[in-house]
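Here is the structure we will look at, set down as structure tokens.
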Amino acid sequence: MNKLLTTLLFSSILISTLFSTSYGQNQNCSAFAFRNNQIFATCNALPLLNSVLHWSYHPDNHTVDLAYRHGGVPNTDWVAWGLNIDGTRMVGSQCLVAFRNSSGEIHAYTSPVSSYSTQLAEGALSFNVPRIGAEYSNNEFIIFATLELPAGRTSFNQAWQNGAVSGQALTAHAQSGDNMRSFGSVDFANGELGGGGSSVTSRQRRRNVHGVLNAVSWGVLMPMGAVFARYLKVFKAANPAWFYIHVACQTSAYIVGVAGWGTGLKLGSDSTGIEFTTHRNIGITLFCLGTLQVFALLLRPKPDHKYRLYWNIYHHAVGYAVISLSIANVFEGFDALNGQKNWKRAYTGVIIAIGAIAVLLEAFTWFIVIKRKKTDSNKHTQNGTNGTVNPYGNGTHQQA
């Protein structure tokens, strides 16, 4: 009996908690008080970019009155929300845009998006917008509008964004993180949101694979291979094992790196209008230098060859250049991903660890080399002393 009462009590508390949480979330949305005292029948928090959509749908004339709220942005930003009638993302969106102009006033207007290089120029939409206005307060833009929806539909794909304003020019929004996932669907009749938003797209998965492949290959295996080559060969017992370890690391890094480079090319071709010029150029340079290193291995002269010195200079110079560019480009990639801060911190920790190990090994190997030289010098001196001819013949001193 006691166990039954306990179970019922726990269930009641759980149901009450869930109900109060859900009710609280709805209240946070629907209880928002607009300064013009406007009331909307439906509201939903959009999954990303601190945005909320309020609306009232009028089936008799197929129009919708809406308010789009975008919080947590300075008044030097622009915000936009739009419907994409035939597509799913940015291109094709029919947008409502707001920003603070040079006169200090909040300017709201419509802008059709026809390409990724858009600057959100003012223009008419594919459907009529009889009313549009906007305001800004408490780090939040609010766009008010009335839309005459396309006939025969109440469900549409939507997208929302924000970016910086430079002078009177609206600059591109961030090309990564939540800004690349701020899309979904809205049904004005039943009040439901769906799709896009928080889900991981195939393009994101390819970007993650691209990042992992390149971070592991160019960013970790390459530096490790150099550490093995520089410090293990000092130990006589590690010869020739250090060479095979070095070759294995660098060859694996190159093969995995080429796979990562290929995914990068595919991402670039699939992302028209989205460019990371520095990251791309460094990646192309790395591929070329890495390929040269692989072919140089096949042309490596023997240790006693007269050109071996020049080959060593080339090999070391290109190798250290590749490692430096690799690490720099991995961080460029993390900046492009924007929002993968945990990955960036983890990789930073790995590089710091490899650097610390390299510093310790540098000091230790110098100690061994100096000690070995002293030992060899002492042996040479002793051998010279033992081999000296005694001018006194029988080893006794003659006195004058």
Side-chain angles (χ1 to χ4, degrees), residues 207-235 238-265 276-301 308-337 340 343-366 368-369:
R207 291 176 69 177
N208 292 340
V209 170
H210 170 72
V212 170
L213 290 176
N214 285 286
V216 170
S217 58
W218 302 105
V220 176
L221 286 176
M222 280 283 182
M224 285 179 58
V227 168
F228 287 133
R230 179 168 177 79
Y231 301 113
L232 285 184
K233 63 182 178 183
V234 174
F235 304 96
N239 190 38
W242 69 265
F243 174 75
Y244 296 112
I245 295 175
H246 172 66
V247 171
C249 280
Q250 306 308 79
T251 304
S252 300
Y254 178 75
I255 293 172
V256 177
V258 168
W261 186 70
T263 60
L265 292 179
F276 300 103
T277 305
T278 302
H279 185 63
R280 180 194 62 192
N281 291 342
I282 294 177
I284 293 172
T285 304
L286 280 173
F287 173 76
C288 295
L289 292 177
T291 303
L292 285 175
Q293 283 286 74
V294 171
F295 282 106
L297 181 65
L298 302 176
L299 302 174
R300 185 170 63 106
R308 180 59 179 261
L309 173 63
Y310 303 107
W311 186 91
N312 284 339
I313 294 173
Y314 156 81
H315 183 66
H316 287 88
V318 175
Y320 286 121
V322 168
I323 291 171
S324 301
L325 289 173
S326 298
I327 294 173
N329 211 32
V330 170
F331 282 106
E332 282 287 332
F334 285 132
D335 291 339
L337 285 174
Q340 304 295 343
W343 288 14
K344 187 173 183 178
R345 292 192 191 101
Y347 180 70
T348 302
V350 171
I351 291 301
I352 291 174
I354 293 176
I357 292 171
V359 169
L360 292 175
L361 288 175
E362 185 74 24
F364 184 62
T365 51
W366 272 106
I368 291 177
V369 169

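- Of the possible donor and acceptor atoms, one in the side chain of Trp311 sits under 3.5 Å from a partner among the backbone N and O of Ala296.
- Here the shortest heavy-atom pairing between Trp242 and Phe228 reads CB-O, 4.2 Å.
- Heavy-atom neighbours of Trp366 CH2 from other residues, nucleotides or ligands within 6.0 Å: at or below the threshold of 12.
- Sparse packing is recorded around CZ of Phe364, with 12 or fewer heavy atoms of other residues, nucleotides or ligands lying under 6.0 Å away.
- The closest side-chain heavy-atom distance from Ile284 to Trp261 is below 4.5 Å.
- Thr251 contributes no side-chain N or O that, together with a main-chain N or O of Ala248, makes up a donor-acceptor pair within less than 3.5 Å.
- Looking only at distances, a side-chain donor or acceptor of Tyr347 sits under 3.5 Å from a matching main-chain atom of Gly219.
- Around OH of Tyr310, the count of heavy atoms belonging to other residues, nucleotides or ligands within 6.0 Å does not exceed 12.
- Side-chain contact between Leu221 and Tyr254 is absent, with no heavy atoms from C-beta onward closer than 4.5 Å.
- Annotation: side chain of Tyr314 is in contact with side chain of Leu292 (closest heavy-atom distance under 4.5 Å).
- Nearest heavy atoms, Pro223 versus Ile323: CG-CG2, 4.0 Å.
- Not a single donor-acceptor pair under 3.5 Å links the side chain of Asn329 to the backbone N or O of Leu325.
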